[in-house]
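We number each residue from 1, following the sequence as shown. In each ligand, atom 1 is the first atom listed, and ligand 1 is the first ligand listed.
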Amino acid sequence: MNTQLFGKDFITTEDWSNSELDAALKLADDLKRRFAMGELHDHILRAKTLYMLFFEESTRTRNSFETGMTQLGGHAVYLTPSATQIGHGENAKDTGLVLGSYGQGIAVRDCRTGIGQKYQYDIAKHANVPVFSMQDDVDHPCQAMADLMTIRENYGQNLRGRKFVISWTYAPKYVRPLSVPQSLIMLMTRWGMDVTLAHPKGFELMPHTLEAARKHADASGTKFEIVDDMDAAFEDADVCYAKSWGPIMVTEEPAAVQAMCDEHKGWICDERRMGLAKKTATYMHCMPIDRGYEATDAVIDGPQSVIYQEAENRLHIQKALMALTMGGRI
Ligand code: CP
């Protein structure tokens with residue numbers, strides 16, 4: 001039984017070493033194999049409970065965590081602020097301490113800018129069980145780990161020299177948090193890839209996440225660059241991860257956001273742009289996708305797209321993370 005990670009929070013990949021993250025990736029590969037072979041593994045977290053607290057809606061995250069707990073033999077409880085006393089102002093200490101005394105894990109999605117990640121650390125300070133980020137204002141660590149798992153499946157374990165591009169795209173429907181691009185630049189720079197971040201002026205990421213990416217690139221001998229040209233970014237890329245995020249560092253006022261986004265409607269992942277990347281390049285997106293705006297259907301449904309593989313891998317990596325931290329009998 002691997003006990004080294006028992007009780008460890010997973011709020012950001014920044015709190016885990018490469019070898020700890022590697023242990024999760026290896027276990028996720030094995031759990032994926034067992035799932036594919038129909039091998040039951042419901043002894044791993046039998047009779048254990050995960051509380052999932054969602055401040056925002058979800059398709060993939062909720063269902064992959066809940067299904068993952070079922071497959072590991074445990075149970076997941078879906079909570080929202082209005083379904084609990086959080087909506088009446090109960091604080092992180094009281095919520096975390098009580099839920100932690102009933103179950104073995106607490107997972108939180110809270111993308112409120114300047115609040116979400118702090119709230120999770122506040123819960124973690126008081127709860128005597130591991131706390132998982134299901135996305136916050138800074139990081140979406142489960143998504144980034146599922147994406148890394150997907151990249152390793154497609155390109156092998158040695159990713160040195162691969163060009164990973166995370167590019168902003170236009171999307172009209174709602175303001176998406178910065179957490180996915182931030183989680184990607186902080187993680188991929190640690191895994192041997194040369195990372196290019198592309199976005200128009202005004203769509204900058206949080207400075208401390210850029211600093212973390214630079215530090216990781218220096219430490220691992222990889223490159224981290226920021227460009228304002230989507231075509232230039234895509235040239236010779238191995239991985240083209242193109243998605244929308246809001247100008248949150250500038251404004252969250254809806255009319256101002258829309259006006260800023262509308263200036264860059266040409267930032268779309270289409271077949272011409274994919275043609276600038278390597279022939280073996282993959283197209284990635286965490287989903288949900290604003291089809292026809294963030295990417296064309298031809299790219300999303302085309303042969304280079306691995307978006308459903310990414311979505312599936314959320315299940316396997318989260319099961320691995322829960323098994324390692326919640327006292328799983330692996
Ligand atoms: N990628 C992702 O987190 O999807 P959901 O918002 O549907 O959970």
Side-chain angles (χ1 to χ4, degrees), residues 10-13 24 28 32 50-71 76-81 83 105-113 116-117 119-120 131-151 153 164 166-169 171-188 205 209 239-246 248 269 282-291 293-295 299-301 305-322:
F10 188 66
I11 296 173
T12 168
T13 53
K32 185 170 183 174
L50 175 76
Y51 295 98
M52 307 182 301
L53 173 58
F54 281 91
F55 283 76
E56 295 91 18
E57 52 287 318
S58 161
T59 296
R60 279 142 291 273
T61 305
R62 177 190 173 174
N63 290 294
S64 52
F65 264 103
E66 192 162 335
T67 305
M69 277 304 286
T70 303
Q71 292 175 8
V77 180
Y78 177 70
L79 302 169
T80 64
I106 301 172
V108 182
R109 167 170 283 190
D110 182 351
C111 296
R112 294 174 294 168
T113 309
Q117 193 183 70
Y119 179 76
Q120 296 183 16
V131 173
F132 307 90
S133 172
M134 298 193 292
Q135 186 174 20
D136 54 58
D137 53 330
V138 180
D139 210 322
H140 195 351
C142 295
Q143 182 66 54
M145 287 293 282
D147 293 337
L148 179 56
M149 180 177 174
T150 306
I151 293 169
E153 287 174 341
F164 177 92
I166 167 67
S167 174
W168 184 87
T169 64
K173 285 191 186 146
Y174 64 96
V175 187
R176 291 151 177 87
L178 308 181
S179 47
V180 170
Q182 291 179 163
S183 66
L184 294 171
I185 63 167
M186 290 191 288
L187 186 63
M188 301 313 169
L205 303 184
T209 66
V239 179
C240 302
Y241 204 123
K243 79 170 301 296
S244 162
W245 63 85
I248 292 166
C269 185
T282 46
Y283 161 72
M284 298 185 75
H285 192 293
C286 54
M287 302 176 82
I289 307 181
D290 225 337
R291 282 175 177 259
Y293 294 104
E294 295 186 271
V299 170
I300 296 166
D301 301 319
S305 174
V306 295
I307 61 168
Y308 301 116
Q309 189 183 348
E310 291 175 81
E312 184 198 326
N313 283 338
R314 292 290 304 277
L315 172 72
H316 307 300
I317 192 68
Q318 288 158 198
K319 282 167 68 182
L321 290 162
M322 291 190 289

Checklist entry - Under the side-chain hydrogen bond (donor to acceptor under 3.5 Å, both in side chains) test, which residues partner Glu153, sequence neighbours left out? => result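 Once residues adjacent in sequence are excluded, the partners of Glu153 under the side-chain hydrogen bond (donor to acceptor under 3.5 Å, both in side chains) criterion are Lys32, Gln309, Asn313.
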
Next on the checklist: Checking Ser305 now: which residues fulfil side-chain hydrogen bond (donor to acceptor under 3.5 Å, both in side chains) with it, not counting sequence neighbours?
Outcome noted: none

Checklist outcome for this item: At a 4.0 angstrom heavy-atom cut-off, ligand 1 is contacted by Ser58, Thr59, Arg60, Thr61, Arg109, His140, Gln143, Cys286, Met287, Arg314

Next on the checklist: Does anything in residues 179-188 form a side chain to side chain donor-acceptor pair (under 3.5 Å)? List the pairs, not counting sequence neighbours.
Outcome noted: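 Qualifying pairs, neighbours excluded: Gln135-Ser179.
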
Item to check | Side-chain heavy-atom pair Phe55, Pro81 within 4.5 angstrom cut-off | outcome: yes

Checklist entry - How far apart are the closest heavy atoms of Thr209 and Ile185, and which atoms are they? => result O-CD1, 3.7 Å

Item to check | Face-on cation placement of Arg62 at Tyr78 ring, 6.0 Å and 45° thresholds | outcome: yes

